[in-house]
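As the structure lists them, so they are numbered: ligands from 1, and atoms in each ligand from 1.
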Amino acid sequence: MRKPIIAGNWKMNKTLSEAVDFVRQVKALVADVRDIEIIVAPPFTALQAISREIEGSTIELAAQDVFWEPSGAYTGEISPIMLKDVGCRYVIIGHSERRQYFGETNESVQKKIKASLAMGLHPIICVGEALEEREAGRTFDMVKNQVIQCLEGFSPDEMERMTVAYEPIWAIGTGKTATPQQAEEVHAFIREQLGQITNRQVSEEVRIQYGGSVNPDNISDLMVQPNIDGALVGGASLKAESFSRIVKFKKA
Ligand code: PGA
């Protein structure tokens with residue numbers, strides 16, 4: 001059984017006081033939730049404060065990116081050991097915004113995964129096609145390339161510690177969600193690819209989140225799909241009320 005995993009990716013939002021305020025509200029709203037893994041991914045500047053704030057709660061901490069070297073002359077970068085030190089359990093790697101604006105490639109994603117696993121972090125690896133690729137009928141090719149180039153070479157044991165997030169770029173921040181069927185067919189395809197890289201048993205254990213305009217109204221229909229195990233939520237994760245409604249999708 002794959003435990004549902006709902007993560008809020010705050011992107012470049014919230015000052016320290018806003019972040020603390022927000023997480024206090026969420027903590028109260030989801031205090032009774034036990035059957036869902038709940039993750040928040042604040043900006044680097046708020047990690048330490050949020051780490052303290054969620055101590056003793058069921059909320060887990062993720063970073064939005066990481067660099068692959070452990071330390072050294074890499075101005076502006078943050079290493080896996082620093083994320084671990086501050087209390088992160090998860091790290092988002094290869095988000096399409098990093099690929100689009102900051103030159104992230106499948107190769108750098110793979111290095112970041114490797115370094116993060118070595119520190120005991122759980123990577124959340126983002127893949128997904130652009131609109132032109134979908135319209136050209138290249139969705140599966142694109143996603144397959146990303147999955148193989150980012151994940152090939154990892155052992156079954158390493159693979160089990162990862163989560164994959166399928167985020168079609170055309171659905172991110174656009175209000176245009178993939179239909180549950182569109183998402184499900186790509187999720188099933190990703191699981192098949194994971195099975196080929198490792199084995200069937202491992203691929204059945206890896207959780208695959210959907211991301212792209214998830215909100216309290218569409219989460220339930222997405223989550224009933226057999227291969228959708230959770231959500232990576234951007235915009236709707238910034239308000240405590242909507243994020244907690246997404247986390248509590250079953251009770252909606
Ligand atoms: P969105 O972002 O929910 O605002 O579409 C999702 C993401 O980028 O992770």
Checklist outcome for this item: For ligand 1, protein residues within the heavy-atom limit of under 4.0 Å are Asn9, Lys11, His95, Glu167, Ala171, Ile172, Gly173, Gly212, Ser213, Leu232, Val233, Gly234, Gly235
Checklist entry - So with a 6.0 Å cut-off around CZ of Arg138, is the heavy-atom count from everything else above 12? => result no
Item to check | With Phe44 via ring-ring contact (aromatic ring centres under 6.0 Å, His included) - residues at least two apart | outcome: none
Could you list the donor-acceptor pairs under 3.5 angstrom formed between side-chain atoms of residues 66-81 and any protein atom two or more places apart in sequence or on another chain?
{"residue": "Ser79", "atom": "OG", "partner": "Pro70", "partner atom": "O", "Å": "3.1"}
{"residue": "Ser79", "atom": "OG", "partner": "Met82", "partner atom": "N", "Å": "3.3"}

Checklist entry - Any Lys/Arg nitrogen of Glu97 or Lys11 sitting under 4.0 Å from an Asp/Glu carboxylate oxygen of the other? => result yes
Checklist entry - In chain order, what residues pass the ring-ring contact (aromatic ring centres under 6.0 Å, His included) check against Phe243, with sequence neighbours excluded? => result none
Checklist entry - In terms of ring plane angle, is the pair Phe189 and Phe140 parallel, tilted or perpendicular, where the classes change at 30° and 60°? => result perpendicular
